[in-house]
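Below is one structure, written out as structure tokens; comments come after it.
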Amino acid sequence: MRLFAIVILLFCSQARAAETVPERVDRVFAKWDKTNSPGCALAVVQEGRIIYERGYGMADLDHDIAISPKSVFHVASVSKQFVAASILLLAQRGKLSLDDPARQYVAELPDFGKPLTIRHLLHHVSGLRDQWSLLILSGWRLSEDVVRDEDVLELVSRMKELNFTPGEMHLYSNTGYTLLAQIVKRVSGKTLREFTQDEIFEPLGMHDTHFRDNHREIVKGMAFGYSQGRSGTFAESIPHYDTVGASSLLTTVEDLAKWQRNFEDPKIGGKEMVDQMVQPFTFNDGTKTTYLLGLQSGMYKGLPVIEHGGADAGYRSSLLRFPSERMSIACLCNLTINPTALGRQVADVFLEAKLRTAVPDSAVPMTLSAQQLSSHVGVYQDAVSDEERRIVVREGKLFSDDVESIPIAETRFRLKDQPMELTFTGRRLTVARLGAKPQELELLQLVTPSATDLAEFAGRYYSEEIDSTYSVRVESGKLVVHRKKVLTHVLEPASQDRFFGIQGFGNLRFERDQAGTVSGFRLSEGRVFHLLFRRVAGS
């Protein structure tokens with residue numbers, strides 16, 4: 001039996017060795033390389049030249065059109081690096097400075113009493129609440145309602161508070177890049193579409209690339225976005241955006257290869273611009289971001305990477321560059337799959353000899369007793385964002401939000417397959433992510449409110465920032481939130497006057513007046529911190 005196993009292993013090894021590079025790459029996408037499935041387009045660029053490209057799956061299921069390297073995709077947030085490049089080109093010409101106040105060019109932006117610059121917008125350190133989150137909270141359906149620049153600017157003009165002081169922390173904000181697009185328009189006298197067409201895309205020969213500012217525009221060679229239901233059937237999933245900057249770039253993997261070549265041999269902006277695009281931001285406390293200008297820095301199996309991804313409706317995109325190897329990988333998909341992971345698997349093939357199979361780790365996993373593990377169990381909450389993290393023990397293992405956490409000390413754990421560590425200190429939990437500031441959370445004292453307690457919170461609440469009213473009611477012994485266009489949200493009791501939202505809703509922290517009467521609440525959801533809702537009089 002043992003001899004048989006050895007023979008099988010040798011056979012598999014020889015078969016793998018006989019497999020060509022294209023065959024190994026194609027195997028990565030085999031799941032979607034069908035005539036009845038959406039899929040991806042791929043281009044691998046070495047020294048500014050495409051060395052492998054292919055399409056997998058279908059661009060248009062209605063008309064049986066296959067994906068090719070020339071298929072045009074909506075690439076979502078991959079758009080942002082072109083907005084950053086446009087701002088840098090204007091700065092080179094003396095039209096603006098990155099340290100200019102953003103309000104100097106966008107009068108709709110309120111004065112928050114704190115300096116908020118163009119540089120803050122570029123690095124996602126502005127504290128501005130995210131436009132997509134605000135639109136959803138106010139009742140918009142992003143997959144159905146058309147969003148225009150003026151809609152976002154109206155939201156911006158209503159803002160009363162920032163999530164945090166500019167430069168204090170990093171929090172991705174699409175709002176900032178919509179405002180940057182407006183700055184390009186107001187400084188240059190051209191729309192972002194016109195400016196990028198004249199200054200970037202045409203000079204680089206990116207003839208199939210443009211910012212789409214009219215969702216009804218007919219685009220030849222378009223790959224349509226899709227979602228997949230539980231039954232396995234596909235449905236169209238298209239963003240209806242007439243707003244540009246944060247998103248809305250249409251392009252191909254072949255055109256993105258030309259853009260990546262500009263980082264190796266700068267034709268647009270020169271070395272000055274491409275060097276600026278990969279500079280980090282220095283936080284107020286002196287530490288630095290890993291988010292650059294429309295780009296993200298990191299490491300993959302020992303090699304430095306510069307990358308950015310995107311996700312809108314049924315589209316997913318990834319543009320990955322290995323600067324030291326002068327190699328880039330563009331992967332654009334029209335289904336809700338993970339092109340970043342796929343691009344890394346392609347890198348495993350082409351850079352096999354350069355990539356480490358495992359990163360050395362001095363931390364050795366250890367075994368803890370049931371009592372030691374259970375001492376960390378509970379729900380912890382971040383006071384800044386109100387984000388919660390649930391720690392439980394199942395089958396003798398510690399889990400953080402359903403992710404197994406491996407003990408490397410009695411109070412230190414590493415999340416399985418994630419670059420993240422947890423450290424427990426009394427009632428405090430510190431979460432350390434690779435390239436990010438540590439997050440501090442406090443253990444909550446959970447409560448079980450009575451029906452009388454819940455009745456205190458019932459009423460109608462209005463947010464001036466998003467011009468929306470929520471109705472909070474007690475139904476079947478639970479506190480629920482009703483809002484327009486959305487199903488009911490059930491609230492789960494947390495600590496005193498705090499509730500967790502479930503079904504994709506945020507967390508609520510109710511406030512009381514001097515008499516102890518509930519007067520409003522603060523809603524935190526993802527990229528929106530402490531949005532104020534005031535109780536409507538008489539409700």
Side-chain angles (χ1 to χ4, degrees), residues 25-26 28-34 37-45 50-61 65-83 196 200-201 204-212 219-228 234 236-239 241 244 246-263 294-296 305-322 327-347 349-350:
V25 172
D26 293 348
V28 172
F29 297 89
K31 180 179 178 180
W32 303 281
D33 193 17
K34 304 172 184 176
S37 171
C40 305
L42 171 73
V44 181
V45 186
I50 293 177
I51 60 173
Y52 190 72
E53 60 177 354
R54 248 210 74 182
Y56 306 90
M58 307 303 286
D60 184 342
L61 291 173
I65 300 173
I67 292 173
S68 80
K70 298 185 183 299
S71 296
V72 178
F73 289 78
H74 171 105
V75 296
S77 288
V78 170
S79 309
K80 290 181 170 68
Q81 56 199 281
F82 297 97
V83 179
T196 50
I200 299 176
F201 303 144
L204 291 179
M206 299 171 66
H207 303 306
D208 293 316
T209 301
H210 71 275
F211 274 98
R212 189 182 201 175
V219 179
K220 297 293 185 181
M222 189 75 186
F224 293 94
Y226 296 92
S227 61
Q228 188 171 20
F234 297 105
E236 273 195 10
S237 181
I238 308 291
Y241 300 158
V244 297
S247 183
S248 298
L249 184 74
L250 301 188
T251 190
T252 69
V253 292
E254 289 187 339
D255 273 6
L256 288 177
K258 296 171 184 177
W259 169 245
Q260 293 298 77
R261 188 183 305 145
N262 195 65
F263 284 90
L295 296 167
Q296 177 77 43
V305 295
I306 303 293
E307 62 186 325
H308 211 289
D312 271 337
Y315 292 102
R316 297 293 183 270
S317 56
S318 171
L319 187 55
L320 169 67
R321 181 161 60 95
F322 291 87
M327 176 175 282
S328 299
I329 299 168
C331 183
L332 308 181
C333 305
N334 61 338
L335 184 63
T336 52
I337 53 184
N338 189 343
T340 301
L342 296 175
R344 278 163 162 67
Q345 291 179 56
V346 173
V349 175
F350 282 93

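For the residue pair A41 and I67, the shortest heavy atom distance occurs at CB-CG2, 3.8 Å. Between S328 and Q260, the closest heavy-atom pair is OG-NE2, 3.2 Å. Closest approach of A246 to K80, counting heavy atoms only: O-NZ, 2.8 Å. Nearest heavy-atom pair, D255 versus H207, reported as atom, atom and distance to 0.1 Å: OD2-N, 3.4 Å. Across P38 and L335, no two heavy atoms sit closer than the pair CB-CB, 3.9 Å. In this structure, D33 and R54 approach most closely via the heavy-atom pair OD2-NH2, 3.0 Å.
Between the side chain of Y226 and the backbone N or O of L61 there is at least one donor-acceptor pair closer than 3.5 Å. For the pair K34 (side chain) and G57 (backbone), a donor-acceptor distance under 3.5 Å is absent.
Between I337 and K31 there is no side-chain heavy-atom pair separated by less than 4.5 Å. Residues N334 and F224 are not in side-chain contact: their nearest non-hydrogen atoms beyond the backbone lie 4.5 Å or more apart. When side chains are defined from C-beta on, Y241 counts as touching D312, because their heavy atoms get closer than 4.5 Å. Using a 4.5 Å heavy-atom threshold, the side chains of L320 and T340 count as separate. Side-chain contact between N338 and R316 is absent, with no heavy-atom pair separated by less than 4.5 Å. Between Y56 and L342, the closest side-chain pair of non-hydrogen atoms is not below 4.5 Å.
Between the side chains of D208 and T252, no donor N or O sits under 3.5 Å from an acceptor N or O.
Distance check, rounded to the nearest 0.5 Å: CE of M206 to CG of N262 gives 9.5 Å. Atoms CG and CG, on L332 and L256 in that order, are 5.5 Å from each other to the nearest 0.5 Å. One distance of note links OG1 of T196 with CG of L249; it measures 7.5 Å at 0.5 Å rounding. Within the model, atoms CE of M58 and CD1 of I65 stand 8.0 Å from one another, a figure rounded to the nearest 0.5 Å. To the nearest 0.5 Å, atoms CG (L42) and CD1 (I50) are separated by 9.5 Å.
Under the side chain to side chain donor-acceptor pair (under 3.5 Å) rule, H74 has a single partner from S248, S79, S247, which is S247. Just one residue in the list V28, I329, V25 forms a side chain to side chain contact (heavy atoms under 4.5 Å, CB included) with Q345, and that residue is V28.
Note on ring orientation: taking the six-membered ring where Trp is involved, the planes of W259 and F82 are tilted (angle from 30° to 60°). The aromatic rings of F201 and F211 sit tilted, their planes meeting at an angle between 30° and 60°.
Sulfur-to-sulfur, C331 and C40 sit at least 2.5 Å apart at their SG atoms.
In this view, R261 and K258 satisfy the side-chain contact (heavy atoms from CB on, under 4.5 Å) rule, not counting sequence neighbours.
Relative to the ring axis of F263, R321 places its NZ or CZ within 45° and under 6.0 Å from the centre.
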